[in-house]
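Data first, discussion second: the structure below is written as structure tokens.
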Amino acid sequence: MTEPFSLLSAWSVSDGIKTSWEFLLKGGLFMIPLALTSFVGMTAILYKFLSLSRSRVIPDGLARKVAGFQGIITADKVEPVLKEFEQGESTLARLSAVAVKHRGKPQRDIILAVEASAREESSRLHAGIGVLDIVITIAPLLGLLGTASGLVTIFQGLSDSADHLAIARGIAKALNTTIFGLAIAVPCVVAHGYFTRRIEVLTARLESLLADLAYVCQKPSNKN
């Protein structure tokens, strides 16, 4: 029973690949830059999914340690946590290391030092967003340019004895680039909105945790 289904599935995949390839060929030369744009957009989306994962920004375990840093100091178990800060494997760890480095200073000075480092971390969080902006802008324009180029070619060949059915088919082929351009831009727009919102949420969480850490570090009793 499984063999017919396997063959049917293989045929469906084969037909899908063939149809997609024919679609790209009908679009003409402008499909090449559009395909490259699609690759760049998908790469940027994958990169942002990985770079904005919790383990790279705010690991749950480390977040609990930062939130309970006063208790860790009281229990005299601060050294392992400080080593984790120094390793700098996440955004929270690197910024926490800055706060701890300035411990014993007034809270305002600690916060200013953390904010200075946070600007660099913010650029890391936003890395790749600019690429999505470019793809969102360029993909539809390349699609329209390909369509306009195809239409110009079609209308230049018009004559009194022109085959109107052939013209209609030519216009349909010319519109392939517009469709492909929009198909590239739409998921990039969705991803851009999602990543922007995620960065806002992560940034707010970082600010809350680091403000508490700065308060703990500025206490005179925490001086070594």
Side-chain angles (χ1 to χ4, degrees), residues 16-17 19-60 62-63 88-96 98 111-153 171-211:
I17 294 174
T19 302
S20 300
W21 181 248
E22 290 176 351
F23 178 83
L24 292 174
L25 290 178
K26 290 177 181 177
L29 291 177
F30 281 93
M31 284 297 190
I32 297 175
L34 281 170
L36 292 174
T37 303
S38 175
F39 175 76
V40 171
M42 294 303 106
T43 302
I45 290 173
L46 178 61
Y47 169 75
K48 291 311 298 176
F49 267 119
L50 296 175
S51 65
L52 292 179
S53 64
R54 277 202 164 272
S55 62
R56 290 178 177 269
V57 185
I58 310 177
D60 292 333
L62 185 61
E89 295 181 354
S90 65
T91 302
L92 178 59
R94 291 188 289 271
L95 293 178
S96 296
V98 174
I111 290 176
L112 288 175
V114 172
E115 286 179 348
S117 298
R119 295 188 189 98
E120 181 179 352
E121 294 297 333
S122 178
S123 66
R124 291 184 181 181
L125 292 177
H126 286 86
I129 296 294
V131 174
L132 287 178
D133 284 329
I134 294 172
V135 171
I136 290 168
T137 303
I138 287 181
L141 293 178
L142 283 174
L144 289 172
L145 185 59
T147 296
S149 176
L151 291 176
V152 168
T153 302
I171 293 173
K173 290 181 181 179
L175 289 173
N176 284 353
T177 54
T178 297
I179 294 171
F180 192 29
L182 292 175
I184 295 170
V186 169
C188 289
V189 170
V190 174
H192 184 282
Y194 169 77
F195 292 136
T196 301
R197 177 57 183 165
R198 181 162 178 78
I199 290 171
E200 291 175 356
V201 172
L202 292 172
T203 301
R205 179 60 174 157
L206 283 170
E207 290 176 354
S208 175
L209 289 169
L210 293 167

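Quick note: numbers below take in every heavy atom, side chains included, and nothing from hydrogens, waters or symmetry partners.
Two residues are said to be in side-chain contact when any heavy atoms from C-beta on lie closer than 4.5 Å; Leu142 and Thr177 fail this criterion. Looking only at side-chain heavy atoms (C-beta outward), Leu182 and Thr178 come within less than 4.5 Å of each other. Taking the side chain as every heavy atom from C-beta outward, Leu92 and Leu209 approach each other to under 4.5 Å. Using a 4.5 Å heavy-atom threshold, the side chains of Leu132 and Phe195 count as touching. Side chains of Ile129 and Asp133 form a contact here, defined as non-hydrogen atoms less than 4.5 Å apart. In this structure, Ile58 and Thr91 have side chains that are not in contact, with every pair of non-hydrogen atoms separated by 4.5 Å or more.
In this structure, Leu50 and Ser53 approach most closely via the heavy-atom pair O-OG, 2.9 Å. Smallest separation of non-hydrogen atoms from His192 and Ile136: CB-CD1, 4.0 Å. Taking both residues in full, the closest heavy atoms of Val98 and Ala113 are given as CG1-O, 3.7 Å, listed atom of the first, atom of the second, then distance. Among all heavy-atom pairs drawn from Pro187 and Ala183, the shortest one is CD-O, 2.9 Å. For the residue pair Leu62 and Ser90, the shortest heavy atom distance occurs at CD2-OG, 3.6 Å. A pairwise comparison of heavy atoms in Leu34 and Ala139 identifies CD2-O, 3.5 Å as the closest pair.
Side chain of Lys48 to backbone of Ala127: a donor-acceptor contact under 3.5 angstrom is found. A donor-acceptor pair is defined here as one N or O able to donate and one able to accept, closer than 3.5 Å; no such pair exists between the side chain of Arg94 and the backbone of Glu89. Remark: the backbone N or O of Phe39 is paired with a side-chain donor or acceptor of Thr43 at under 3.5 angstrom. Formation of a donor-acceptor pair under 3.5 Å by the Ser149 side chain with backbone atoms of Leu145 is not found in this model.
Ile199 CD1 to Leu206 CG: the interatomic distance, rounded to the nearest 0.5 Å, is 11.5 Å. Summarising the geometry, atom CD1 belonging to Ile184 is positioned 11.0 Å from atom CD1 belonging to Ile138; distances are rounded to the nearest 0.5 Å. Note that the CG atom of Leu46 and the OG atom of Ser51 stand 9.5 Å from one another [nearest 0.5 Å]. Summarising the geometry, atom CG belonging to Leu36 is positioned 13.0 Å from atom CE belonging to Met31; distances are rounded to the nearest 0.5 Å.
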- For salt bridge (Lys or Arg N to Asp or Glu O under 4.0 Å), just list the numbers for Glu120 and Arg124, CA-CA rounded to whole Å, side-chain angles, deciding distance to a tenth of an Å, and then say yes or no. CA-CA 7 Å; Glu120 181 179 352; Arg124 291 184 181 181; 3.7 Å; yes
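Counted within 6.0 Å of CZ on Arg56, heavy atoms from surrounding residues, nucleotides or ligands total 12 or fewer; the atom is thus considered open.
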